[in-house]
Amino acid sequence: DVKVTQSSRYLVKRTGEKVFLECVQDMDHENMFWYRQDPGLGLRLIYFSYDVKMKEKGDIPEGYSVSREKKERFSLILESASTNQTSMYLCASSPGLFPYEQYFGPGTRLTVT
Amino acid sequence: AQKITQTQPGMFVQEKEAVTLDCTYDTSDPSYGLFWYKQPSSGEMIFLIYQGSYDQQNATEGRYSLNFQKARKSANLVISASQLGDSAMYFCAMREGGGGSQGNLIFGKGTKLSVKP
């Protein structure tokens with residue numbers, strides 16, 4: 001069965017802290033994605049990766065960075081957390097084959113105080 | 001301009017009735033794919049159904065069907081015989097391009113469906 005896991009369901013951090021959100025998939029998928037979800041705005045793509053050590057900016061990369069050292073793991077990093085990064089963060093993966101449907105993790109609700 | 005538009009922020013449906021969730025899209029790419037996802041209150045996004053731009057028939061998956069009207073650029077989700085467990089947010093999404101696009105999806109803002117007993 002398809003499985004995407006995220007390291008935490010809920011996280012509370014202080015302004016200025018460095019925050020790591022981890023995502024692991026066990027489906028041998030090439031592509032991985034990080035989104036943030038805010039009420040009324042839908043899902044917005046932060047970064048994606050289509051191969052190990054490869055990364056591409058999405059629509060809202062500012063304030064974030066990513067790391068993909070292994071195929072199954074894609075990390076989102078908030079270098080210096082700010083209150084406007086309080087949000088739900090969703091990780092997804094997809095095979096490198098048509099039709100590229102994405103499979104999502106359970107999400108991490110991050111609160112920055 | 002929005003690429004995916006879901007005009008219904010919220011909808012109610014009576015249990016056991018059918019419901020249609022609207023989605024219109026905007027693309028000039030002849031090759032694209034359309035997806036619907038369900039997000040229950042638990043937060044996880046669940047893939048429901050897919051329609052390719054070249055598919056001749058409307059996609060169906062159990063109680064879910066996609067009413068694909070290419071000329072109108074609409075891809076409405078139809079849920080037949082609604083169940084209480086269908087109460088959730090529903091997102092329409094589009095992937096532009098064929099192979100090699102790495103599968104980036106563009107999401108709409110969602111429709112919150114509430115099923116009444």
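Every chain is numbered from 1 and lettered A, B, ... according to where its sequence line falls, protein lines coming before strand lines.
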Would you mind checking which part of [X] comes under 4.5 Å of any heavy atom in chain B, side chain (CB onward), backbone (N, CA, C, O), both or neither?
{"X": "A:L43", "value": "both"}
{"X": "A:Q37", "value": "side chain"}
{"X": "A:R44", "value": "neither"}

Legend entry - Exercise: identify the closest heavy-atom pair between A:E101 and B:F35: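 That closest heavy-atom pairing would be CA-CE2, 3.6 Å.
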
Inset, instruction - Establish whether B:F91 and A:F48 are linked, either directly or via other cluster members, by ILVMFWY side-chain heavy-atom contacts under 4.5 Å. - result: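 Linked within one cluster.
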
Inset, instruction - Say whether B:M11 and B:V78 are linked into one hydrophobic cluster, either directly or through other cluster members, by side-chain heavy-atom distances under 4.5 angstrom. - result: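 Looking at the clustering, B:V78 is in a separate group from B:M11.
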
Legend entry - A:Y35 and B:F107, any side-chain heavy atoms less than 4.5 Å apart: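 They are in side-chain contact.
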
Legend entry - A:V4 vs B:M45 side-chain heavy atoms within contact, under 4.5 Å: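 No, their side chains stay 4.5 Å or more apart.
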
Legend entry - Residue B:K16 excluded, over 12 heavy atoms near NZ under 6.0 Å: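 Result for NZ/B:K16: open.
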
Inset, instruction - Tell me, yes or no, whether the heavy-atom count around A:K71 atom NZ, taken from other residues, nucleotides or ligands under 6.0 Å, exceeds 12. - result: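 Atom NZ in A:K71 is packed in, count exceeds 12.
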
Legend entry - B:I106 CD1 to A:L45 CG distance, which is reported to the nearest 0.5 Å: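 If I round to the nearest 0.5 Å, the distance is 9.5 Å.
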
Legend entry - Expected output: side-chain B:Y37 to main-chain A:Y103 donor-acceptor under 3.5 Å: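 Judged by distance alone, no pair lies under 3.5 Å.
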
